[in-house]
Amino acid sequence: LAKKPDNILLKLQHAELMGLLRRFDDQVAEANMLIKKNSKLRDAYLIRADGEANQKRYAEALASFDYAFRLGAPTPKLLLSKARCLKNEKRYVEAVETLNQVIAAEPSNVSAYDCRAICFFRLYGACPQALQDMEKVVLLDPSDTKAVALVSDLKRELKTKALTSATQAK
């Protein structure tokens with residue numbers, strides 16, 4: 001950077017490196033400097049969103065993602081990051097809608113099914129949608145022991161709900 005202070009690519013890489021080093025304040029600050037110089041620099045918004053999300057500043061990260069997405073189409077990976085921020089902001093319906101886009105583009109994305117299952121659970125408790133998504137996680141990654149246990153728990157809860165409903169109906 002000292003030899004080429006105006007090289008935007010190097011500055012972007014440096015800002016991204018700050019995130020890898022877990023220096024999120026520096027990552028966001030460097031991204032902000034780049035945005036100040038060029039408000040159309042999409043990668044700077046994405047780097048800033050990453051830093052903000054890692055600082056648990058999810059609302060700010062969402063705003064950065066939205067601006068970056070206006071400058072260029074999102075990838076499934078970026079949509080997944082946005083969905084995680086929405087989930088952390090307890091905006092579960094929007095998170096599910098975003099995750100549906102990820103799954104449509106990448107039907108074998110384990111993380112998207114896992115995140116969507118959590119959103120369904122937070123919205124509706126134990127429900128068929130959460131179970132279906134967790135079963136998909138297990139199908140795609142049978143070594144995920146946490147997901148296997150969650151499938152069993154969800155099945156048990158749904159069975160208990162069904163029995164309780166049947167008993168109350170009589």
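If you take CD on Glu106 and CG on Leu79, they are separated by 9.5 Å, rounding to the nearest 0.5 Å. Considering CZ of Phe120 and OH of Tyr113, their distance stands at 11.0 Å, rounded to 0.5 Å. To the nearest 0.5 Å, atom CG of residue Leu41 and atom NZ of residue Lys11 are 10.5 Å apart. Distance check: Met18 CE to Arg23 CZ gives 4.0 Å after rounding to the nearest 0.5 Å. In this structure, the separation between CD1 on Ile47 and CG on Leu12 is 4.5 Å, given to the nearest 0.5 Å. Atom-to-atom distance recorded for Gln13:CD and Asp43:CG is 10.5 Å, nearest 0.5 angstrom.
Distance alone, capped at 3.5 Å, is enough to place a donor-acceptor pair between the Asn88 side chain and the Arg84 backbone. Counting only distance, with no hydrogens or angles, the side chain of Lys87 and the backbone of Ile118 share no donor-acceptor pair below 3.5 Å. A donor-acceptor pair under 3.5 Å links the side-chain atoms of Tyr45 to the main chain of Ser39, judged by distance alone. Between the side chain of Arg48 and the backbone N or O of Glu60 there is no donor-acceptor pair closer than 3.5 Å. With hydrogens and angles disregarded, a donor-acceptor distance shorter than 3.5 Å links the side chain of Asn54 to the backbone of Asp50.
Shortest non-hydrogen contact noted between Phe121 and Ala130 is N-CB, 4.2 Å.
Each of Leu86 and Leu99 belongs to its own hydrophobic cluster when Ile, Leu, Val, Met, Phe, Trp and Tyr are linked at side-chain heavy-atom distances under 4.5 angstrom. Transitive grouping of hydrophobic side chains (ILVMFWY, heavy atoms separated by less than 4.5 Å) keeps Tyr67 and Val28 in distinct clusters.
Heavy-atom contacts from other residues, nucleotides or ligands closer than 6.0 Å to CZ of Arg22 number 12 or fewer. Atom CD of Gln129 has more than 12 heavy atoms from other residues, nucleotides or ligands within 6.0 Å.
Comment: Asp133 does not engage Lys136 in a salt bridge, judged by the lack of any side-chain N to carboxylate O separation of less than 4.0 angstrom. With respect to Lys155 and Glu135, a salt bridge is recorded, a charged nitrogen being found less than 4.0 Å from a carboxylate O.
For the residue pair Arg116 / Asn100, a side-chain donor-acceptor distance below 3.5 Å is found, with atom types taken as modelled.
Between Leu154 and the choices Lys159, Gln132, Met134, the side chain to side chain contact (heavy atoms under 4.5 Å, CB included) rule is met once, by Met134.
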